[in-house]
Amino acid sequence: MRKRILTGITTTGTPHIGNYLGAIKPALELVAPDNDSYFFLADYHALIKQTDPKEIEASVKNVALAWLSSGLNPEQSHFYRQSDIPEVHELTWILNCSAAKGLLNRAHAYKAIVAENIESGGDEDKAINMGLFSYPVLMAADILIFNATHVPVGPDQAQHMEMTRDIAGKFNHTYSNVLTLPEAIIQSEISVPGTDGRKMSKSYNNIIPFLSTEKALQKSIAKIITNSLEPGEPKDHKNCTLFQLYSLFANAEEINNMKLSYKDGIGWGDVKKDLFTAINNEIVPIREKYHALKEQPDLLNDLFSDGARKVQPQAQELVGKLRELVGISKIV
Ligand code: TRP
């Protein structure tokens with residue numbers, strides 16, 4: 001059977017090199033002539049955490065440009081905005097009526113916030129909106145609406161994928177076997193450390209930007225925390241943020257040479273220079289494309305309408321079928 005790859009990115013914030021390495025690049029590597037691919041911007045998911053409309057709009061633009069500059073070809077893949085396919089919400093409601101509340105109670109992201117609230121002695125539902133609680137149902141609808149067979153996601157989304165299968169299985173059991181149970185392609189845990197050594201994340205303020213200028217890239221690399229060993233003193237490459245980042249961009253030979261340089265006492269300034277070169281070499285063509293695309297005013301709106309035109313009939317077909325199955329259709 002033909003594989004149908006589908007994945008989305010929530011449009012909050014500006015993509016950083018962690019998003020590029022962990023989500024965009026591996027997803028694009030799955031595009032092949034004998035696969036269908038669906039890549040979309042999960043802009044309704046973004047409303048859960050972001051209430052500033054300007055931020056939402058800026059993020060949609062940047063995430064879309066990040067996909068396109070990294071090589072997404074809209075002729076070859078389906079590329080669209082979640083919000084342009086309102087059938088996703090119709091399906092979300094239908095699935096809400098199959099999804100057990102107990103299942104959603106167990107979602108890690110939701111449970112973590114409840115646990116924090118309890119720890120701080122406050123109301124356990126503090127700052128939890130229904131969007132956050134039912135996030136996995138909207139995600140299930142994103143996937144099931146296009147009969148996706150394979151969904152590349154990070155390890156943090158594995159539970160959401162299980163939930164999608166659960167919810168689809170329950171619907172199929174109740175009505176008829178119509179929803180495709182998707183397989184998760186869990187991208188191997190590549191840990192991308194941020195400038196402070198913790199996982200790179202916008203919420204830690206430790207990101208290395210990806211679509212920035214060279215200067216900004218240099219600046220964030222300069223900020224990476226090291227120990228105080230002097231040039232000439234042997235250094236340990238293990239558990240070293242600079243080395244970890246370098247390994248994500250360099251080839252095997254360069255990585256080996258860098259290990260030897262650590263033993264020989266390379267100075268931190270020189271490691272940072274080499275890291276800059278390694279990241280920059282990969283990013284230069286992407287950055288150039290980004291700047292070129294950014295200058296085309298109607299590009300994204302045109303792509304979004306083309307994308308919606310291509311995929312919406314499929315969404316309508318599935319939702320039509322489900323409406324009939326549940327008894328909401330023409331009276332006979
Ligand atoms: N939850 C995903 C994330 O934060 C984004 C997402 C929304 C998604 N809908 C999806 C990913 C459907 C894959 C398929 O990373």
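Note that ligands are numbered from 1 as they come in the structure, with each ligand's atoms numbered from 1 the same way. Predicted, not measured: the structure shown is a model, and the values here were computed from it. When reading the values below, keep in mind they use all heavy atoms of this one structure, side chains included, and skip hydrogens, waters and symmetry mates.
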Neighbouring protein residues of ligand 1 - any heavy atom closer than 4.0 Å: Leu6, Thr7, Gly8, Thr10, Phe40, Ala42, His45, Tyr135, Met139, Asp142, Ile143, Val151, Val153, Gln157

Hey, can you pull the donor-acceptor pairs under 3.5 Å for the side chains in residues 62-75, sequence neighbours left out?
unit_1 : atom_1 : unit_2 : atom_2 : d
Asn62  : OD1    : Tyr290 : OH     : 3.2
Asn62  : ND2    : Ala58  : O      : 3.3
Ser69  : OG     : Leu65  : O      : 2.3
Ser70  : OG     : Ala66  : O      : 2.6
Asn73  : OD1    : Glu75  : N      : 2.8

Output field: ring centroids Tyr135/His160 closer than 6.0 Å: yes

Any pair counted as ring pair (Phe, Tyr, Trp, His ring centres under 6.0 Å), so long as it reaches residues 97-129, sequence neighbours left out: Tyr110-Phe133

Parallel, tilted or perpendicular: rings of Tyr262 and Phe243 (30°, 60°): perpendicular

Side chain proximity check, Leu299 to Lys294, heavy atoms < 4.5 angstrom: no

Set of residues satisfying ring-ring contact (aromatic ring centres under 6.0 Å, His included) with respect to Tyr38, sequence neighbours excluded: His78, Phe146

